[in-house]
Amino acid sequence: MKISLKILLSMGLLSVATQELFAQAKPKPYTEEDFYEIKTIAIPDEIKLEAGGIAPMPDGRVAVCTRRGEVWIIENPYQLNGTKPSYTLFASGLHESLGLAYHEGSLYCTQRGELTKLTDTNADGKADIYESVANWDLSGNYHEYSYGPVFDKNGDMYLTFNVAWVGYGEGKLAKWRGWLVKVKKDGTLEPVATGLRSPAGFTVNSNGDVLYGENQGDWVGSGRVTHLEKGDFAGNAGGLFWTKEPDSPLKLTKADIPDTGEPMYEAAKKVKALKLPAVWFPHALMGISTADMIEDETNGKFGPFQGQYIVFDQGQSKAMRMSLEKVNGKYQGACYPFREGFQSGTVRARWGNDGSIFVGMTSRGWGSTGKALFGIQRLVWNGRTPFEMKNVHAMPDGFEVEFTQPVNLKSAQDLASYELKSFTYKYHHQYGSPIINQEKTPLKGVIVSEDRLKVRLVMDNLRKGYIHEILASGLVNDEGQPLLHDISYYTLNDIPAGELAKITTKATPVAPVKPATLPAKKEKVVVGNIVDTKQVASLLKKHACTSCHAEATRVVGPPFTEVAKRNYTNEQILDLVYHPKPENWPDYATEMASMTHVPKADVLKIANWINSLGKKQKPDLNKIENRD
């Protein structure tokens, strides 16, 4: 028989000490898997399913194309009642296929240099006709990846093309590299927009608008999502070589682009065609290699985020969330953490017939935190609603944050529950950018809605063109639970007009309402060569170092034990964190961004810990002698 704590208390059957212990007990924080489950789809050992494209079919089957040039059909991908899926090879002999779509009974697959229509005419489960729908030039450069097709509501198709990589992004080696193109009825390509570097993921949303995700690189300070319209220039100069073509929708040249390192917002004032990102995904803080994105049109089958976007990151093997709004006719919005823990690099995602998401993964040559080389998994909502920032809206004097559950009033009114700042990135030809112009944003007051589902943050120092970080670590709901994810990043390209908030009473900080906890232990510090591993672990997480590095295993970047073998001094590690040298690590495809925003004292503590790892192992004299 179960007896509730409330009954025991009313009967006086718990001692005072025991009651105090319960009062101090902190509710166990929820985790992502308490709401969204990752289900792995079994793959036979003999199939190397390096997924480049996914196409769910009306009959419940799922088609997957691979980087190895194959298309597989998965029967029973939902693994109903615990049964295993089965695989049939539908097509082969393709050239690094990185996109797949199902349309009117056929599969459309994007290869390196061709869009191919695959049709099974005799219903034997294998393609009988390989029909070339469209083709384009190739130079042979390894970085000339091609993506799509994505259909719009009219049945037209869109493709995106990487620029080549020759130490920088270069589009002139093959026509329309670095472009978004539409495939016409006769198979010719209609150029739409340029400035793309590595557009691995893009979508046509419910409004018919094209949104594409970009990876950090030259001219790209951090990952971002941009709305592309005809004649837009998204920022990377590699594709501008083809604006001289008569069918180019813009005539901009590379010489027209300011290469000064000023923020992109300032450069856009000088270059009319330069399209600002709708949402920045701060490098390492959110993701490192933006991949696919899909709009939630499931009518609640995937949770409380209808109309928003799930955006995937290949390098960090995770899903993020994005909300958009239009201010003065242009898209802008916020991004939020969502779900980590996928088994490999998340490249492609599509909605299943049941409102779950099929996620196709690959990481060969493209480092990822997920350790598997490839995989297929499903992301499934279990029906429980997490306590989250549901949406962030720009206001004339700050932001309005909407929640999925009512917030505790006292915690919401407490100014100490929030920490606000803004920052941006350099716009220049160099690879990536450090965070620049970072400033704290003073909070003037807080207005909580009557239903406690919204909080209006009234502040000074709103900055156009900047990313505004909203950290709400002090908020709890009525159960005393903190937000599942307490941070969001809003890209403020423009400030909406409207009535300013009226703060009748100046908000004054009050003690946040949180469950009682035992007295915190005093934090240890690094003294000399003494290393506090707990403190370092906290710093690694705080500064997102663990997004790309692990202690002893290869992830996106080298393990810390390998760095220790280089015998750098603490000061040399500090210099490399601030001024990375990717040539020192030629076996790693993803270049490290400058991290000058991380305080010097924190970097030195981390460096001291890294060097302590080298003392735990026998030195490899050959590697030390030949170090970079």
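Keep in mind that what you see is a predicted model, and the values were worked out from it rather than measured.
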Tell me, please, which residues at least two apart from Glu214 pass salt bridge (charged side-chain N to carboxylate O under 4.0 Å, His left out).
-> none
Got a sec, which residues hit ring pair (Phe, Tyr, Trp, His ring centres under 6.0 Å) with Phe281, two or more places apart in sequence or on another chain?
-> none
Ring geometry between Trp219 and Tyr427 (parallel below 30°, tilted from 30 to 60°, perpendicular above 60°) | tilted
Decide, yes or no, whether a salt bridge links Arg364 with Glu50 under the criterion of side-chain N to carboxylate O below 4.0 Å.
-> yes
Ring pair (Phe, Tyr, Trp, His ring centres under 6.0 Å) partners of Phe161, counting only residues at least two apart | Trp136
Asp128: partners by salt bridge (charged side-chain N to carboxylate O under 4.0 Å, His left out), with sequence neighbours left out = none
Can you find a side-chain donor-acceptor pair between Tyr336 and Ser323 that sits under 3.5 Å?
-> yes
Look at the aromatic rings of Trp165 and Tyr431 and report parallel, tilted or perpendicular, splitting at 30° and 60°.
-> perpendicular
Minimal heavy-atom distance between Leu49 and Thr66, with the atoms involved, is CD1-CG2, 3.9 Å
Do the side chains of Ile41 and Lys39 get nearer than 4.5 Å, heavy atoms only?
-> no
Glu114 side chain to Ser132 side chain, donor-acceptor N/O pair below 3.5 angstrom = yes
Report, as yes or no, whether the 6.0 Å neighbourhood of atom NZ on Lys581 holds more than 12 heavy atoms from other residues, nucleotides or ligands.
-> no
Side chains of Thr188 and Asp186: do they bring a donor and an acceptor to under 3.5 Å?
-> yes
Does some side-chain heavy atom of Thr243 sit less than 4.5 Å from a side-chain heavy atom of Trp179?
-> yes
Matching residue for Cys335 among Arg321, Met286, Met320 - test: side-chain contact (heavy atoms from CB on, under 4.5 Å) = Met286
Going from CG on Asn382 to CG on Asp34, what distance comes out if it is rounded to the nearest 0.5 angstrom?
-> 8.0 Å
Is the backbone of Met361 close enough, under 3.5 Å, to the side chain of Gln377 for a donor and an acceptor to pair up by distance?
-> no
Using 30° and 60° as the class limits, which term best fits the ring planes of Tyr145 and Tyr142: parallel, tilted or perpendicular?
-> perpendicular
Hey, does the side chain of Glu295 reach the backbone of Ser206 with a donor-acceptor pair shorter than 3.5 angstrom?
-> yes
Nearest heavy-atom neighbours spanning Tyr102 and Pro58 | CE2-CD, 3.3 Å
Short N-O contact, Glu190 and Lys230, less than 4.0 angstrom = yes
Using a strict 4.0 Å threshold on nitrogen-to-oxygen distance, state whether Asp137 and Lys175 make a salt bridge.
-> no
Measure up the Phe358 and Tyr78 rings against each other and bin them: parallel (under 30°), tilted (30 to 60°), perpendicular (over 60°).
-> perpendicular
Using a 3.5 Å cut-off and no angle test, enumerate the donor-acceptor pairs between side-chain atoms of residues 232-240 and protein atoms at least two apart in sequence or in another chain.
from: Asp232; atom 1: OD2; to: Glu229; atom 2: N; distance (Å): 2.6
from: Asp232; atom 1: OD2; to: Lys275; atom 2: NZ; distance (Å): 2.8
from: Asn236; atom 1: OD1; to: Gly238; atom 2: N; distance (Å): 2.9
from: Asn236; atom 1: ND2; to: Asp218; atom 2: O; distance (Å): 2.8
from: Asn236; atom 1: ND2; to: Asp218; atom 2: OD1; distance (Å): 3.4

Would one find more than 12 heavy atoms of other residues, nucleotides or ligands at under 6.0 Å from atom CD of Glu33?
-> no
Please determine which of Tyr309, Phe35, Tyr36, Trp381 meets the ring-ring contact (aromatic ring centres under 6.0 Å, His included) test together with Phe302.
-> Tyr36
Are any side-chain N or O atoms of Thr226 and backbone N or O atoms of Leu228, one a donor and one an acceptor, separated by less than 3.5 Å?
-> no
Supply the atom-to-atom distance Ser222 OG to Ile288 CD1, rounded to the nearest 0.5 angstrom.
-> 10.5 Å
Between Ser363 (side chain) and Ala372 (backbone), is there a donor-acceptor pair under 3.5 Å?
-> yes
Find out whether Arg197 and His143 are in side-chain contact, i.e. whether some heavy atom of one side chain is under 4.5 Å from a heavy atom of the other.
-> yes
Which of parallel (below 30°), tilted (30 to 60°) and perpendicular (above 60°) describes Phe151 and Tyr108?
-> perpendicular
Name all residues meeting the salt bridge (charged side-chain N to carboxylate O under 4.0 Å, His left out) criterion together with Arg67; count only those two or more places apart in sequence or in a different chain, and write none if there are none.
-> Glu96
Hey, is OH on Tyr168 packed in by over 12 heavy atoms from elsewhere, all under 6.0 Å?
-> no
Say whether Thr346 and Ser317, considering side chains only, have a donor N or O and an acceptor N or O under 3.5 Å apart.
-> no
Any luck finding a side-chain donor-acceptor pair between Thr83 and Asn81 under 3.5 Å?
-> no
Taking every heavy atom of Cys109 against every heavy atom of Leu118, the minimum-distance pair comes out as CB-CD1, 4.1 Å
Give a yes or no on whether the backbone of Thr553 and the side-chain of His549 come within a donor-acceptor separation of less than 3.5 Å.
-> no
Side-chain ion pair, Lys184 and Asp156, N-O less than 4.0 Å | no
